[in-house]
Amino acid sequence: MKPRDMPTNHFFNQDIVSIKDFSRQDLEFIFGCTDRVSALRPNEKAELGKGRTLGYIFYEPSTRTRMSFEAAMASLGGSSIGIFDSKSSSVEKGESLADTIRIMDLYSDVIVLRHPLDGSSRFAAELSKNPLINAGSGSEEHPTQAMLDLYTILKEKNKIDGLTIGIVGDLKYGRTVYSLLYGLANYNVNIHLISPPTLSIRKESIYDVEKKEMKIFEHEELDDNILTKLDVLYVTRIQKERFPDPQEYEKVKGTYTVDSNTLRKAKPDVSVMHPMPRMQEISHSIDNTKNAIYFKQAAFGKELRAALLALVLNENPI
Ligand code: NCD
């Protein structure tokens, strides 16, 4: 494409707080950019973040999100600084989120924040002058996870429209589920939500999703009838840390396990996804099947986040 034919980059210098702020066109632009950035030679890619610094602040544990952002920034030729163990920073002394954000804003060009409170990223984005990316806000949202989930589905199935997608596990506290549902609401898909009644979706958090074309069905059991319909089975972890009562967690832990028996009953080409970390909800015995795409999904996370950073940091990255 000639530069003048390129769609305008609306994301330059913008915050990424909620997937709700992204239209289908926006998402498709990001997916196209992910393809193009991934195809660059390492030296070309390393121009996109040269001399720039990513500042991460993680008030909750993370493996993939933080490391993939850091690896993505390194691949763009930039560097990363940050806090991932609040005990080793002034957060331990009682420094506020607001002051921590203001300081990171002075030292970096883009901030990546994970925090246990809903609304934390919106609040932080209002304070920071530089763009802020939500890497998980309470049980509310995890927008970049949803983008990489959608990108993975697109890569694996060559389309999103027309698919039947099952989402199983902790639908009450799992923030990836809410962002994914809002992302999927841009497509014509059938959704089956499977959870124990105590972990069913929070209706008040998806009320406007239900106005879209997407059809949603709710179930308690992942039975054979549902399994035979699914093109994608998105499995989630029971979010132990968000349970107000540990006894309630004990009642539901280990409710679902996806294993070779599950795969035998499903479509031969069903794709099993998981934002990870997985506990016992996916058996290690299926890791080497063509259906298990959760490691591929984690790999796409780095690619998609590299494209997002390139878009946020450059007016016309590619
Ligand atoms: C998820 C999260 O933090 O919400 N992890 C991730 O970013 N891949 C899912 C989880 O912790 O269960």
Side-chain angles (χ1 to χ4, degrees), residues 16-19 54 56-73 80 82-86 111-121 124 132-153 167-184 193-196 199 201-202 205-206 232-243 249 252-258 271-282 287 292-306 308-309:
I16 299 175
V17 170
S18 169
I19 193 88
L54 177 152
Y56 57 78
I57 309 172
F58 277 65
Y59 287 83
E60 286 186 347
S62 169
T63 296
R64 276 148 295 273
T65 306
R66 187 180 61 81
M67 293 205 303
S68 63
F69 265 114
E70 211 172 330
M73 193 61 180
S80 302
I83 300 167
F84 59 86
D85 171 12
S86 51
I111 300 179
V112 176
L113 173 70
R114 171 170 289 185
H115 192 278
L117 286 182
D118 292 12
S120 48
S121 273
L132 183 135
I133 302 178
N134 179 0
S137 49
S139 54
E140 171 198 45
E141 277 237 37
H142 194 348
T144 65
Q145 179 70 45
M147 290 176 191
L148 78 89
D149 293 341
L150 294 172
Y151 183 71
T152 303
I153 296 173
I167 308 180
V168 60
D170 187 346
L171 311 184
K172 183 173 186 182
Y173 297 117
R175 56 190 167 207
T176 65
V177 174
Y178 292 88
S179 291
L180 181 59
L181 279 177
Y182 273 95
L184 284 170
L193 299 176
I194 306 114
S195 71
L199 295 181
I201 202 89
R202 301 188 310 264
S205 301
I206 60 155
V232 175
L233 176 58
Y234 188 95
V235 188
T236 64
R237 175 178 70 90
I238 311 264
Q239 308 277 301
K240 184 179 179 186
E241 68 278 21
R242 303 203 197 282
F243 277 64
Y249 170 72
V252 288
K253 75 169 191 211
T255 310
Y256 306 101
T257 305
V258 173
S271 298
V272 180
M273 298 176 66
H274 194 308
M276 300 180 93
R278 59 132 161 220
M279 304 292 115
Q280 65 274 61
E281 61 276 358
I282 297 185
D287 286 357
I293 62 163
Y294 27 91
F295 286 101
K296 216 189 238 186
Q297 184 184 354
F300 282 137
K302 178 188 158 195
E303 303 299 322
L304 184 122
R305 287 176 173 131
L308 274 183
L309 290 170

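Order of appearance sets the numbers: ligands from 1, and atoms from 1 within every ligand.
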Inset, instruction - For ligand 1, note which part of T176 has a heavy atom under 4.0 Å away: side chain, backbone, both or neither. - result: side chain
Inset, instruction - Sequence neighbours left out, what passes salt bridge (Lys or Arg N to Asp or Glu O under 4.0 Å) with D287? Give chain and number order. - result: R278
Legend entry - Backbone of I238 reached by a side-chain donor or acceptor of D170 within 3.5 Å: no
Legend entry - Residues E60 and R175 bridged, charged N to O under 4.0 Å: yes
Inset, instruction - Show which atoms of ligand 1 fall inside a sub-4.0 Å distance from at least one heavy-atom site of T65. - result: 6 (C), 7 (O)
Inset, instruction - From atom 12 (O) of ligand 1, work out which of R66, Q239, Q297 has a heavy atom at the shortest distance. - result: Q239
Legend entry - Nearest candidate to atom 6 (C) of ligand 1, where distance is taken over non-hydrogen atoms, out of R175, M276, R64: M276
Legend entry - Polar atom proximity, E241 to ligand 1 (N or O, under 3.5 Å): no
Inset, instruction - Only counting residues at least two apart or in another chain, list the ones meeting salt bridge (Lys or Arg N to Asp or Glu O under 4.0 Å) with K240. - result: none
Legend entry - Which of the ligand 1 atoms, numbered from 1, are nearer than 4.0 Å to a heavy atom of P277: 10 (C), 11 (O)
Legend entry - Gap between atom OG1 of T152 and atom CE of M147 - 0.5 Å precision: 13.0 Å
Inset, instruction - Indicate whether any N or O donor in one side chain lies under 3.5 Å from an N or O acceptor in the other, for R114 and H142. - result: yes
Inset, instruction - Using non-hydrogen atoms of the residue, decide whether E60 is closer than 4.0 angstrom to ligand 1. - result: no
Inset, instruction - Check whether any N or O atom of Q145, backbone or side chain, sits under 3.5 Å from an N or O atom of ligand 1, and answer yes or no. - result: yes
Inset, instruction - Would you kindly say whether T176 and Q145 are connected by a side-chain donor-acceptor distance under 3.5 Å? - result: no
Inset, instruction - Report the nearest protein non-hydrogen atom to atom 11 (O) of ligand 1: residue, atom name, distance rounded to 0.1 Å. - result: R237 NH2, 2.9 Å
